[in-house]
Amino acid sequence: MRAARRDDAPELAALSRPFVRTGALRERPLSLYLARAADFLVAQAPDGTLEGCLGLREHATAGVLYNFCVAPHRQGSGMGGRLLHAATARARSRSLAALFTATTGTGRLFLRAGFTPVSPALAPAAWARSLDPRRAARVLARTLEA
């Protein structure tokens with residue numbers, strides 16, 4: 001795991017594209033990946049290609065996890081869990097009190113990591129307003145101990 005760099009933006013977009021096609025992720029323009037590369041943690045293969053990513057955006061004392069994806073050939077390998085663990089550690093190091101995410105899937109990995117379903121009203125307001133109600137995403141949250 002490592003922090004993403006601005007020059008990873010095209011590969012972040014490419015890694016996300018299959019998940020956008022299935023509806024698991026919202027489409028984001030390359031410009032967003034360029035502007036927010038510092039939000040991302042990435043899992044990199046020995047050959048240098050990106051095999052997973054997860055964004056952490058700070059909103060005052062809470063963080064929002066977004067654009068979580070693992071390449072299909074790496075799913076089931078534990079990579080998603082390692083990315084989530086690294087993002088949680090990053091959030092703690094930044095003294096964030098809670099993490100939020102939205103999922104249209106089962107959220108199984110998040111639930112195993114201590115997240116629970118919550119009302120969007122408990123999430124950072126700007127982020128909660130950005131959720132597309134047509135996607136019917138569930139909001140999950142986890143408090144972080146100091």
Side-chain angles (χ1 to χ4, degrees), residues 1-5 8-30 32-33 35-46 49-146:
M1 302 299 141
R2 67 168 174 81
R5 301 179 298 261
D8 290 321
E11 202 168 354
L12 288 168
L15 181 63
S16 304
R17 206 166 290 120
F19 299 94
V20 170
R21 281 195 292 271
T22 66
L25 288 179
R26 292 190 313 186
E27 186 166 6
R28 294 177 170 91
L30 178 60
L32 182 130
Y33 293 106
R36 295 190 180 168
D39 285 359
F40 285 88
L41 291 168
V42 296
Q44 187 173 358
T49 60
L50 299 187
E51 296 184 316
C53 67
L54 177 56
L56 168 61
R57 189 87 178 143
E58 293 181 42
H59 295 264
T61 61
V64 171
L65 297 174
Y66 71 101
N67 208 97
F68 189 11
C69 55
V70 174
H73 71 279
R74 292 302 307 241
Q75 291 179 10
S77 71
M79 181 178 290
R82 290 189 300 276
L83 276 165
L84 183 54
H85 179 78
T88 302
R90 180 185 259 195
R92 278 194 185 101
S93 76
R94 295 177 178 176
S95 300
L96 298 179
L99 285 174
F100 292 85
T101 195
T103 182
T104 58
T106 66
R108 192 171 47 238
L109 181 60
F110 289 107
L111 296 171
R112 283 197 313 256
F115 284 74
T116 58
V118 298
S119 166
L122 297 175
W127 174 74
R129 283 191 304 272
S130 76
L131 296 173
D132 182 349
R134 294 171 297 184
R135 292 178 49 78
R138 288 188 309 154
V139 174
L140 305 175
R142 175 184 172 180
T143 57
L144 300 175
E145 49 287 338

Q: Got a donor-acceptor contact below 3.5 angstrom from the Arg142 side chain to the Ala113 backbone?
A: yes
Q: Mind checking side chain to side chain donor-acceptor pair (under 3.5 Å) for Arg138 and listing every partner two or more places apart, or none if nothing turns up?
A: none
Q: Heavy atoms, side chains only, cut-off 4.5 Å: are Asp39 and Leu56 in contact?
A: no
Q: Taking all atoms of both residues into account, what is the closest heavy-atom pair of Pro120 and Ala128, and its distance?
A: O-CB, 3.5 Å
Q: Taking Arg135's backbone N and O only, do any of them form a donor-acceptor pair with Thr104's side chain (distance below 3.5 Å, no angle check)?
A: no
Q: For the residue pair Thr101 and Phe68, establish whether any side-chain heavy-atom pair is separated by less than 4.5 Å.
A: no
Q: Check Ser77 against Arg82 and note the closest heavy-atom contact, atom names and distance.
A: O-NH1, 3.4 Å
Q: Can you tell me how far CZ of Arg17 sits from CG of Leu25, rounded to the nearest 0.5 angstrom?
A: 12.0 Å
Q: How close do Gly52 and Leu83 get, counting heavy atoms only, and between which atoms?
A: C-CD1, 3.8 Å
Q: How long is the straight-line distance from OG1 of Thr143 back to CG of Leu96, given to the nearest 0.5 Å?
A: 12.5 Å
Q: Kindly compute the distance separating CG (Leu140) from OG1 (Thr116), expressed to the nearest 0.5 Å.
A: 7.5 Å
Q: Nearest 0.5 angstrom please: Asp132 CG to Arg26 CZ, how far?
A: 7.5 Å
Q: Any idea which heavy atoms bring Val42 and Cys53 closest together, and the distance?
A: CG1-CB, 4.1 Å
Q: Between Arg74 and Gly80 (side chain of the first, backbone of the second, donor and acceptor by atom type, cut-off under 3.5 Å), is there such a pair?
A: no
Q: Determine the interplanar angle of the Phe40 and Tyr33 rings, folded into 0 to 90°, and report it as parallel if under 30°, tilted if 30 to 60°, perpendicular if over 60°.
A: tilted
Q: What distance separates Thr49 OG1 from Glu11 CD, expressed to the nearest 0.5 Å?
A: 6.0 Å
Q: Under 6.0 Å from the CD atom of Glu58, do we count more than 12 heavy atoms belonging to anything else shown?
A: yes
Q: Just how far is it from atom CG of Leu109 to atom CD of Gln75, taken to the nearest 0.5 Å?
A: 11.0 Å
Q: Which atoms form the tightest heavy-atom contact between Leu111 and Pro117, and what is the distance?
A: CD2-CD, 4.2 Å
Q: Provide the closest heavy-atom pair for Ala102 versus Ala137 in the form atom of the first, atom of the second, distance.
A: CB-CB, 4.0 Å
Q: Parallel, tilted or perpendicular: which describes the rings of Phe100 and Trp127, with under 30° parallel and over 60° perpendicular?
A: tilted
Q: Do Leu65 and Leu84 make a side-chain contact, defined as non-hydrogen atoms from C-beta onward lying under 4.5 Å apart?
A: yes
Q: Could you check if a side-chain atom of Val139 sits within less than 4.5 angstrom of a side-chain atom of Leu131, using non-hydrogen atoms only?
A: yes
